[in-house]
Amino acid sequence: MIEKGGYISDILQQEPGGRAVAHGWVKTRRDSKGVRFVQINDGSCFADLQVVLDADAFSEEALHHVTTGASVRVEGSLVESPGGGQRVELHASDLHVYGPSDPASYPLQKKGHTMEFLREIGHLRSRSNTFGAVFRVRNALARAIHSFFQRQGFLYVHTPILTASDCEGAGAMFGVTTLDLQNLPRKPEGPKAGSIDYGQDFFGKPAFLTVSGQLNAEIFALAFTNVYTFGPTFRAENSNTPRHLAEFWMIEPEMAFCDLQGDMQLAEKFLREVIAEVMETCAEDLEFFQKRIDSTVLATLENVVQSSFEHVTYTEAVALLEKSGNNWEFPVHWGSDLQSEHERYLTEQVFKKPVIVTDYPKEIKAFYMRANDDGRTVRAMDVLAPRIGEIIGGSQREERYDVLCQRIAENHLEESAYWWYLDLRRYGSVPHAGFGLGFERLMLYLTGMKNIRDVIPFPRTPGSADF
Ligand code: ATP
Ligand code: MN
């Protein structure tokens, strides 16, 4: 049996004088007269553990394989470190190399690599300083999100990933089939003769990967009051941007007996509390992002935790954009959707903090958003953040049966496909509201990383699904 070494994060907490066993991968090795300094890391924290190997105590043969990338076990005594940079170091008395690593071909070198290159070595990039920090923050953020909702009594609901109802309407869907694509069954007769016979497919009808768990979450909210989902979501949109993935994670709270005000309050409280918690648990990692990735990241996060968000209606936002005098790539007028350049102008130039835009024209929002009395706008709210643009999209839902039927017709949707969604409005309907938050968008915000491909372990984007 292999005995457990402490995590390096635990070892670094210990007082000098004791003994310790450490496991990890060699980050760097520096040879000086009579001693070898080896930095090792096991992913448990940002700081490496410095191991000191006395050249007299270990043969050249034993030290030969202690090179960057190798996996090692070191046992020794913890002593106060005379050098700067670390409080303690491990003076080795015993050394074992589990797996050597050829220094000539190991792709991860000490010199800084570009993010593009690191994406090509997705199996090794997690061992770099940057990605170590990214994925510890990601873990802490996931935990903070669950703990936020659990603290307030929200029920965690697992909504399906496979769906045969194409009524979510939130973007292009990936089809899922077990039909033989080389030899598709066709309908032999009837009005649709010659078209694909999905009756023979796995579910007896076309199926897809989910683009949102919202409609299912609404079912649960109308039984458990406050619920949330946190799971993977898929969009086959061919948008090669630094903010879009084909597979991403979404958090979708849904609250019964709640209107748009309550929805906005939750969004704000949510962002404030989860950011504060990650700042507390990942201070060292965030310091790294501040120093090496984006020097504004800590100030930005402080600002979110401390100040309240700006609220504007869509109509007010459009007026601000129109009078800005900017030469927009996408011209703005009442009725047009806000583009990234507009969202960034509002958050970065006008308000210099997150902004909640409400009451969008009904034509550019989903059918299920609650209609306002003006007949033109719906109770939607988008939270926009500096640098990122849209981070949350939410709304109060239409709870009135007749109005919802009318909105379904206006959007040229098939009423029969929504029979269960409409049933929720026939039996015990209540005002309810919720939002969808892109987990990776929030990761971009927290870390200052520039590209969404670099805050998810294994990015899936058009033309790319490696590792
Ligand atoms: P955008 O306009 O930025 O494409 P959207 O309007 O399509 O966003 P929604 O359908 O409201 O977004 O989805 C809810 C949230 O999911 C968004 O606020 C965003 O944070 C996130 N999101 C949407 N699409 C993606 C994507 N392709 N990759 C990563 N996150 C996404
Ligand atoms: Mn989109």
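Note that the structure is a prediction, hence the values are computed from the model and not measured. Numbering of ligands and ligand atoms starts at 1, following listing order.
- Atoms of ligand 1 lying under 4.0 Å from any heavy atom of Arg243, numbered from 1 in the order shown and given with element: 3 (O), 28 (N), 29 (C).
- Close contacts of ligand 1 with Gly393, meaning ligand atoms under 4.0 Å from a residue heavy atom, involve 18 (O).
- A side-chain donor-acceptor contact under 3.5 Å links Asp201 and Thr177.
- Ring-plane geometry between Phe220 and Phe224 is classed as parallel, the angle between the planes falling under 30 degrees on a 0 to 90 degree scale with a further cut at 60.
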Donor-acceptor pairs under 3.5 angstrom involving side-chain atoms of residues 129-141: please list them, not counting sequence neighbours.
{"residue": "Asn129", "atom": "OD1", "partner": "Lys27", "partner atom": "NZ", "Å": "2.9"}
{"residue": "Arg136", "atom": "NE", "partner": "Asp285", "partner atom": "OD1", "Å": "3.3"}
{"residue": "Arg136", "atom": "NE", "partner": "Asp285", "partner atom": "OD2", "Å": "3.2"}
{"residue": "Arg136", "atom": "NH1", "partner": "Gly43", "partner atom": "O", "Å": "3.0"}
{"residue": "Arg136", "atom": "NH2", "partner": "Asp285", "partner atom": "OD1", "Å": "3.0"}
{"residue": "Arg138", "atom": "NH1", "partner": "Glu440", "partner atom": "OE2", "Å": "3.0"}
{"residue": "Arg138", "atom": "NH1", "partner": "Val455", "partner atom": "O", "Å": "2.9"}
{"residue": "Arg138", "atom": "NH2", "partner": "Glu440", "partner atom": "OE2", "Å": "3.0"}

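- Using the six-membered ring where Trp is involved, Phe367 and Tyr421 have ring planes that are perpendicular, over 60° apart on the 30 and 60° scheme.
- Considering backbone and side-chain atoms alike, Phe248 places every N or O at 3.5 Å or more from each N or O of ligand 1.
- Residues satisfying the side-chain hydrogen bond (donor to acceptor under 3.5 Å, both in side chains) test with Gln265, not counting sequence neighbours, are none.
- At least one heavy atom of Arg441 sits less than 4.0 Å from an atom of ligand 1.
- Only the backbone of Ile392 comes within contact range of ligand 1, with a heavy atom under 4.0 Å; no side-chain atom does.
- Aromatic ring pairs are classed by plane angle as parallel below 30°, tilted from 30° to 60° and perpendicular above 60°; the pair Phe46 and Phe288 is tilted.
- Cation-pi check for Lys365 over Tyr360 is met; the charged atom lies under 6.0 angstrom from the ring centroid and within 45 degrees of its normal.
- Note: an N/O pair closer than 3.5 Å links Leu245 and ligand 1 by distance alone.
- Gln13 and Asp10 form no side-chain donor-acceptor contact under 3.5 Å, judged by distance and modelled atom types alone.
- With a 4.0 Å cut-off on non-hydrogen atoms, Ile391 touches ligand 1 through its backbone and not its side chain.
- Taking each of Arg235, Glu237, Gln339, Glu440 in turn, the one with a heavy atom nearest to atom 27 (N) of ligand 1 proves to be Glu237.
- Val383 does not count as a contact of ligand 1, since none of its heavy atoms falls under 4.0 Å from the ligand.
- When heavy-atom distances to ligand 1 are checked against a 4.0 Å cut-off, His244 comes that close through both its backbone and its side chain.
- Less than 4.0 angstrom separates some heavy atom of Ile452 from each of these atoms of ligand 1: 29 (C).
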